[in-house]
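Below is one structure, written out as structure tokens, with a few remarks after it.
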Amino acid sequence: MTSSLHQQLADHIDQGVIPPYQYSYPPRSAYRPLPEGRWTVPGVWAADLANHQIPELNLYLHVPFCDRKCGFCNLYTVISTDEDVYDAYTEALCTQIRDHAEIIRARRLRTIYIGGGTPALLRPRHFEQIFTTLGEV
């Protein structure tokens, strides 16, 4: 990561800059069984590429850590403030990004959403590691 990009990211984190966004969690009733057949990750992504003239990707990176569980939340979250756990999770997330590099490279990355729990519990070094990995991919 270039030092100016690193500094800009660090400044945004320090200043609490939050870009405008809108989200809506699907209710549990929206989930249903997948159609019969064998599903593979490469097969799903190949079908996705075949169905879009301009292959774009809105990447969502789930960070499941919270310091408490909110009653309305139906996402997978873990109550933890253990930075060793954050380190291990960040490394695993970066491994998954690298494992799916071919899928990411085949599309135009439009957005990166980091959410789930309370991503602000992560340290700037965790975000630097994630964005460095994305930059490499």
Side-chain angles (χ1 to χ4, degrees):
M1 180 180 286
T2 65
S3 95
S4 65
L5 182 57
H6 176 280
Q7 188 58 52
Q8 184 179 9
L9 179 60
D11 290 346
H12 282 141
I13 292 169
D14 288 343
Q15 296 167 14
V17 173
I18 301 173
Y21 68 98
Q22 179 179 350
Y23 65 91
S24 176
Y25 296 128
R28 288 188 175 126
S29 61
Y31 299 106
R32 59 190 56 78
L34 292 171
E36 291 295 319
R38 185 166 181 247
W39 290 76
T40 64
V41 171
V44 169
W45 285 110
D48 176 71
L49 276 177
N51 289 325
H52 294 91
Q53 291 180 342
I54 300 172
E56 295 181 322
L57 180 65
N58 296 301
L59 185 62
Y60 172 75
L61 304 175
H62 188 72
V63 177
F65 306 114
C66 293
D67 58 0
R68 66 184 149 284
K69 181 73 174 178
C70 298
F72 63 84
C73 182
N74 68 351
L75 296 175
Y76 175 77
T77 56
V78 176
I79 308 307
S80 177
T81 56
D82 182 344
E83 289 199 33
D84 290 339
V85 173
Y86 298 174
D87 292 344
Y89 187 84
T90 300
E91 185 56 43
L93 184 60
C94 290
T95 296
Q96 277 202 325
I97 291 168
R98 287 188 291 274
D99 287 350
H100 293 90
E102 183 179 333
I103 293 165
I104 296 168
R105 288 182 185 134
R107 291 156 178 81
R108 183 173 74 96
L109 187 57
R110 292 190 60 213
T111 58
I112 300 169
Y113 298 95
I114 301 176
T118 310
L121 291 175
L122 298 182
R123 301 289 176 232
R125 65 185 165 83
H126 295 116
F127 291 103
E128 182 176 335
Q129 182 178 356
I130 292 166
F131 282 99
T132 297
T133 302
L134 284 168
E136 293 166 359
V137 167

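Computed from a prediction, not measured in an experiment: that's the story for all the values here. Basis for what follows: all heavy atoms, side chains included, without hydrogens, waters or symmetry-related copies.
Residues E91 and Q129 have side chains in contact (heavy-atom distance under 4.5 Å, counting atoms from C-beta outward). Side-chain contact check for V78 versus V85: every heavy-atom pair is 4.5 Å or farther apart. The shortest side-chain heavy-atom distance between I97 and L61 falls under the 4.5 Å cut-off. At a threshold of 4.5 Å between non-hydrogen side-chain atoms, the residues L49 and R107 count as touching. Contact check for H100 versus V41: side-chain heavy atoms found under the 4.5 Å cut-off.
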> How far apart are the C-alpha atoms of I114 and L122, what are their side-chain angles, what is the distance that settles it, and do they pass the side chain to side chain contact (heavy atoms under 4.5 Å, CB included) test?
Replying inline: CA-CA 11 Å; I114 301 176; L122 298 182; 5.5 Å; no
> Should W45 and L57 be marked as a side chain to side chain contact (heavy atoms under 4.5 Å, CB included) after you check the CA-CA gap, both sets of side-chain angles, and the distance that decides it?
Replying inline: CA-CA 11 Å; W45 285 110; L57 180 65; 3.9 Å; yes
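Within a 6.0 Å sphere centred on CZ of R125, heavy atoms belonging to other residues, nucleotides or ligands number more than 12.
Note: F65 and Y86 have tilted aromatic rings, judged against thresholds of 30 and 60 degrees for the angle between ring planes. By the 30° and 60° cut-offs, the orientation of the rings of Y76 relative to H62 is tilted.
Of the possible polar contacts, one joining the R105 side chain to the V137 backbone as a donor-acceptor pair under 3.5 Å is found.
Under the 3.5 Å distance criterion, with hydrogens and angles disregarded, a donor-acceptor pair is assigned to the side chains of T111 and N58.
The distance from the OH atom of Y60 to the CD1 atom of I112 is 14.0 Å, given to the nearest 0.5 Å. The CD1 atom of I130 sits 5.0 Å away from the OG1 atom of T90 when rounded to the nearest 0.5 Å.
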